[in-house]
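Every chain is numbered from 1 and lettered A, B, ... according to where its sequence line falls, protein lines coming before strand lines. All heavy atoms count here, side chains included; hydrogens, waters and symmetry mates do not.
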Amino acid sequence: SQQGEEDPQALSIQEGENATMNCSYKTSINNLQWYRQNSGRGLVHLILIRSNEREKHSGRLRVTLDTSKKSSSLLITASRAADTASYFCATDSWGKLQFGAGTQVVVTP
Amino acid sequence: NAGVTQTPKFRVLKTGQSMTLLCAQDMNHEYMYWYRQDPGMGLRLIHYSVGEGTTAKGEVPDGYNVSRLKKQNFLLGLESAAPSQTSVYFCASSSARQARGEQYFGPGTRLTVT
């Protein structure tokens, strides 16, 4: 079973716009991580937010975590064509990650 | 540093054949993982290892076996391949010092079972 579920499943935006995707999960977590996967490639870690944190920034990425609602959001600001990829949230409950199905983001020039 | 490497990159098997996928990492990580990724789904954990000589079952272990004889290598075996094992397989590793931190992924092995 998948712990995290991303919403939307797909997102199409133009360069310069912001992209927001959400992740909901079911059980308590130690941390929540976001990964990016370019077509045909492995996953790349983007950012980790711990259960006692509410917001975290890394460059053009902003992640929020609401443990009371069991949800997280990933915001990519000023998107670029190179941001075209699938984005996955992964929850860590007992040292193992459980991934959602991902949000496919397409950024057009 | 090569990071995490996987061999082979592609493989086609017939039902009933066996094969071994090799994962190697040069980051001296203690933890290693095997996942499978199917269309429209996230990654699902097959088996994992927290150190040399130790392995444990993940979410979908049936039909697979693993071995971790050396710290840097993690092997995934399919003894009798089935079409349901057609998938993309990813290996990952992480540091025990960051036991609940990021995982580093290999480029994947695309396996087709006919």
Does [X] [atom1] have over 12 foreign heavy atoms under 6.0 Å away?
X: A:Arg60; atom1: CZ; value: yes
X: A:Glu15; atom1: CD; value: yes
X: A:Glu53; atom1: CD; value: yes

Inset, instruction - Sort B:Gln37 into side chain, backbone, both or neither according to what part of it lies under 4.5 angstrom from a heavy atom of chain A. - result: side chain
Are [X] and [Y] connected, step by step, through hydrophobic side chains (Ile, Leu, Val, Met, Phe, Trp, Tyr) whose heavy atoms are closer than 4.5 Å?
X: B:Tyr64; Y: B:Phe90; result: no
X: A:Tyr87; Y: A:Val106; result: no
X: B:Phe105; Y: B:Tyr48; result: yes

Closest approach of [X] and [Y], non-hydrogen atoms and distance?
X: B:Leu45; Y: A:Lys96; value: CD2-CD, 3.7 Å
X: A:Gln98; Y: B:Glu59; value: NE2-OE1, 4.5 Å
X: A:Leu97; Y: B:Tyr35; value: CB-OH, 3.9 Å

Inset, instruction - Give the C-alpha distance, both sets of side-chain angles, the deciding distance and a yes or no for side chain to side chain contact (heavy atoms under 4.5 Å, CB included) between A:Tyr35 and B:Gln103. - result: CA-CA 10 Å; A:Tyr35 287 80; B:Gln103 294 185 10; 3.7 Å; yes
Inset, instruction - Kindly compute the distance separating CD (B:Glu102) from CD1 (A:Ile47), expressed to the nearest 0.5 Å. - result: 11.5 Å
Legend entry - Spatial distance of atom CG (A:Asp92) from atom OG (B:Ser94) [nearest 0.5 Å]: 9.0 Å
Legend entry - Contacting moiety of A:Gln37, where chain B heavy atoms sit under 4.5 Å: side chain
